[in-house]
Protein chains: 2
Amino acid sequence: MFSIGEVSRRTGVKVPTIRYYEQMGLMTPSERSEGNQRRYGRGDVERLTFIRHARDLGFEIDRIRELLALSQHPDAPCEGADRIAGAHLTEVRQKIEQLKRLEAELERIVSHCGGHTVEDCYVIRALSDHGLCEHEH
Amino acid sequence: MFSIGEVSRRTGVKVPTIRYYEQMGLMTPSERSEGNQRRYGRGDVERLTFIRHARDLGFEIDRIRELLALSQHPDAPCEGADRIAGAHLTEVRQKIEQLKRLEAELERIVSHCGGHTVEDCYVIRALSDHGLCEHEH
DNA sequence: TTGAAATCTCCAGAGACTAAAGGTCTGGCG
DNA sequence: CGCCAGACCTTTAGTCTCTGGAGATTTCAA
């Protein structure tokens, strides 16, 4: 049985974050000590590792809840997990595309600024005048 | 003089968002009607367009406040604006790099899942076992 | 003058934490 | 066994950028 601090050290998840995940219904300590402190077992540590890993990959809390539920049923078909991961991958790709458009626009704006004062600063002018943009955003 | 609804229609910024920007100190209506309703002039609409444009480009509210302050001084040097935009561009690029790493990892995980049940689902296994990851994240 | 639409202020929620306040428990040392 | 520092407890609030709702008031056209 580990205290919350030990679990934190083992998983790299901060103590308040562990409590937050509990509040979000992602995990519950196996026990409580007589003085009401959380006590975790090996399984809990593994579960938290799973959660942390999924968060690192950018999955939302709600999706993680679903993935955890799926992982409890080894015999169920894994389409659900594939679908969740696939949808997330699509989202990540869309975000990348959007950020690339921003990057291009910002790059163009920054590199165009040859002015010395605000009056002829391309950065300021571009923001004021949408007509100076190459693309919609 | 325009009402907040008219300004919203002209700029595409929702009414509550305009009030939010006011609360954040980005803009104030030129006047109030006798019945205390906001009344905006042309300059206000331009200012809101500037704000919206900057938000679309991903600038934070605090940065926009700075950019607005700079734009009020046409004779000042524009280094400030360049620096803000440049720093933002750097951030955008970093985010793109991070998302690309996520994309690669997710792609690998999703494409590896040839299993039919959760038990041998690579998605679930990869989340459970960090050792299956290619890179740190 | 009436009444529907727009506006007002204030408050709460989303998402994923993070920090602080004020009190309680644990565990090692003398 | 008693002490006390450190870890832990709960609850609350703050971050950031909005968005929506409740209930009251104003506007404007018919």
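Just so we're on the same page: letters track the sequence lines, and every chain starts at 1. Computed from heavy atoms alone, side chains included, the values below leave out hydrogens, waters and symmetry copies. Computed from a prediction, not measured in an experiment: that's the story for all the values here.
- Under the 3.5 Å distance criterion, the side-chain polar atoms of H88(A) are matched with a main-chain donor or acceptor of L57(A).
- A distance-only check finds a donor-acceptor pair linking the side chain of T11(A) to the backbone of V7(A) [under 3.5 Å].
- A distance-only check finds a donor-acceptor pair linking the side chain of R55(A) to the backbone of F59(A) [under 3.5 Å].
- Between L57(B) atom CG and dT17(D) atom C1' there is a gap of 16 Å when expressed in whole angstrom units.
- No donor-acceptor pair under 3.5 Å is formed between the side chain of T17(B) and the backbone N or O of V13(B).
- Straight-line distance from the CZ atom of R19(B) to the C1' atom of dA6(C): 10 Å, rounded to whole Å.
- A side-chain donor-acceptor contact under 3.5 Å links H53(B) to the backbone of L127(A).
- In terms of phosphate contacts, R38(A) brings a side-chain nitrogen or oxygen within less than 4.0 Å of OP1 or OP2 of dC9(D).
- One atom, OH of Y40(B), and another, P of dA6(C), lie 16 Å apart when rounded to the nearest Å.
- R47(A) places a side-chain N or O within donor-acceptor distance of the main-chain N or O of L26(A), the cut-off being under 3.5 Å.
- Remark on DNA chain D: of its neighbouring residues I61(B) and G35(B), the 5'-side contact belongs to I61(B), judged by nearest-heavy-atom nucleotide.
- Not one side-chain nitrogen or oxygen of S33(B) sits closer than 4.0 Å to the OP1 or OP2 atom of dT26(D).
- As a whole-Å value, the separation of M1(B) CE from dT27(D) C1' is 17 Å.
- Across residues 2-18 of chain A, S3(A), I4(A), G5(A) each have a non-hydrogen atom less than 4.0 Å from an atom of DNA chain D (numbered order).
- Distance CZ (R39(B)) to P (dC8(C)): 8 Å, rounded to an integer number of Å.
- One can place CD of E34(A) at 15 Å from P of dC9(D), the figure rounded to the nearest angstrom.
- Heavy-atom nearest nucleotides on DNA chain C were determined for Q37(B) and for R55(A), and the one closer to the 5' end corresponds to Q37(B).
- Residue contacts shown for Y21(B) are limited to sugar-phosphate atoms, with no base heavy atom under 4.0 Å away.
- Distance R32(A) CZ to dC8(D) P: 12 Å, rounded to the nearest Å.
- Judged by distance alone, the side chain of R38(B) and the main-chain N or O of S3(B) form no donor-acceptor pair under 3.5 Å.
- The CD atom of E31(A) sits 16 Å away from the C1' atom of dC25(C) (whole-angstrom rounding).
- Contact annotation: Y20(B) side-chain N/O to dC16(D) OP1/OP2 distance is not under 4.0 Å.
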